[in-house]
Amino acid sequence: MSSSYEAIYAVVRRIPAGRVSSYGQVALLAGYPGQARLVGYALHMLQGRIDVPWWRVLNRLGVISNAYEPELQRTLLEREGVLVNEQLQVDLKQFRWEV
DNA sequence: CATATGACCAAAC
DNA sequence: GGTTTGGCCATAT
């Protein structure tokens, strides 16, 4: 297991329920500025594990980028009170996780 | 081993 | 200002 993933997962676990973050923000907080891609890959590797709240991570436009289970992600977010529109987009001004 | 691709983003043009 | 271009790192082939 690549060590960098643990730092990324640790940050994702810090995202409060009902809030969302972006790949870039997670990368920055994990100590990998500008390496949003690494975050995407790390979450990709989870393949649906629920010990990390991967569904709270969206791309910088607030859109669900998940290629595997986009509908599941929407369901999980809405269960926490996060509104997701028909285009799988969230209002970042309202739900973005402020550190 | 070299190339390609990906749940991305900031800067450059 | 929208669009293109690099760059970053881990897997896959």
Side-chain angles (χ1 to χ4, degrees):
Chain A
M1 187 110 35
S2 301
S3 58
S4 47
Y5 285 5
E6 291 308 316
I8 290 170
Y9 296 150
V11 171
V12 175
R13 274 189 277 254
R14 276 166 48 203
I15 304 174
R19 283 300 166 89
V20 300
S21 189
S22 71
Y23 295 96
Q25 185 179 13
V26 170
L28 185 65
L29 294 175
Y32 299 94
Q35 303 193 74
R37 239 179 150 140
L38 189 58
V39 176
Y41 217 97
L43 297 186
H44 175 221
M45 287 291 105
L46 288 174
Q47 287 289 356
R49 278 166 52 194
I50 60 167
D51 52 321
V52 176
W54 53 267
W55 57 90
R56 296 176 192 149
V57 183
L58 312 173
N59 70 17
R60 76 179 168 125
L61 301 175
V63 176
I64 294 177
S65 295
N66 190 337
Y68 301 94
E69 305 280 357
E71 289 301 327
L72 171 63
Q73 182 162 8
R74 163 152 62 182
T75 300
L76 291 169
L77 284 172
E78 290 184 336
R79 182 197 293 172
E80 297 181 344
V82 176
L83 303 178
V84 183
N85 71 17
E86 303 76 20
Q87 315 189 14
L88 297 180
Q89 184 171 35
V90 171
D91 182 1
L92 290 180
K93 290 184 184 283
Q94 190 175 358
F95 296 106
R96 190 167 118 80
W97 175 38
E98 310 279 353
V99 275

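Each chain gets a letter, A, B and so on, in the order the sequences are listed, and its residues count up from 1.
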- Item | Atom pair distance, as rounded to whole Å: CD in Q73(A) and C1' in dA7(B) | 8 Å
- Task: Give the minimum heavy-atom separation between Y23(A) and L43(A), together with the two atoms involved.
- Result: CE2-CD1, 4.0 Å
- Item | Residue met sooner reading DNA chain B from 5', once Q25(A) and Y41(A) are mapped to nucleotides | Y41(A)
- For Y9(A) and dA10(C), give me the distance from atom OH to atom P, rounded to whole Å. 12 Å
- Message: What contact category does N66(A) fall into here, base, sugar-phosphate, or nothing, at under 4.0 angstrom with non-hydrogen atoms?
- Response: base
- Task: Specify the separation, in whole Å, of atom CG of L29(A) and atom C1' of dC8(B).
- Result: 16 Å
- Message: Please report the distance separating the C1' of dA7(B) from the corresponding atom of dT3(C), rounded so that it comes out in whole Å.
- Response: 23 Å
- Query: Which heavy atom of G81(A) sits nearest a heavy atom of F95(A), and at what distance?
  - Reply: O-CE2, 3.6 Å
- Measure from CD on Q35(A) to P on dA10(B) and round the result to the nearest Å. 13 Å
- Query: Expressed in angstrom and rounded to an integer, what is the separation of R37(A) atom CZ from dA11(B) atom P?
  - Reply: 17 Å
- Supply the atom-to-atom distance E71(A) CD to Q73(A) CD, rounded to the nearest 0.5 angstrom. 10.5 Å
- Item | Stepwise side-chain contact (heavy atoms from CB on, under 4.5 Å) check, W97(A) with R14(A) | CA-CA 10 Å; W97(A) 175 38; R14(A) 276 166 48 203; 4.0 Å; yes
- Task: Kindly say if S22(A) contacts the phosphate of dC8(B), meaning a side-chain N or O under 4.0 Å from OP1 or OP2.
- Result: no
- Please report, rounded to the nearest Å, how far the P atom of dC8(B) is from the OH atom of Y23(A). 5 Å
- Query: Would you say the base of dA7(B) and the side-chain of Y68(A) have a donor-acceptor pair closer than 3.5 Å?
  - Reply: no
- Item | Interatomic distance where CG belongs to L61(A) and P belongs to dG2(C) [whole Å] | 12 Å
- Task: Would you tell me if any nitrogen or oxygen in the side chain of Y5(A) comes within less than 4.0 Å of OP1 or OP2 on dT11(C)?
- Result: yes
- If you check every side-chain atom of H44(A), which of dA7(B), dC8(C), dA10(C) has the closest atom? dA7(B)
- Message: From CG of L38(A) over to P of dG6(B), roughly how many Å is that when rounded to an integer?
- Response: 17 Å
- Task: Work out which heavy atom in S65(A) is nearest to a heavy atom in N59(A); give both atom names and the distance.
- Result: OG-ND2, 3.0 Å
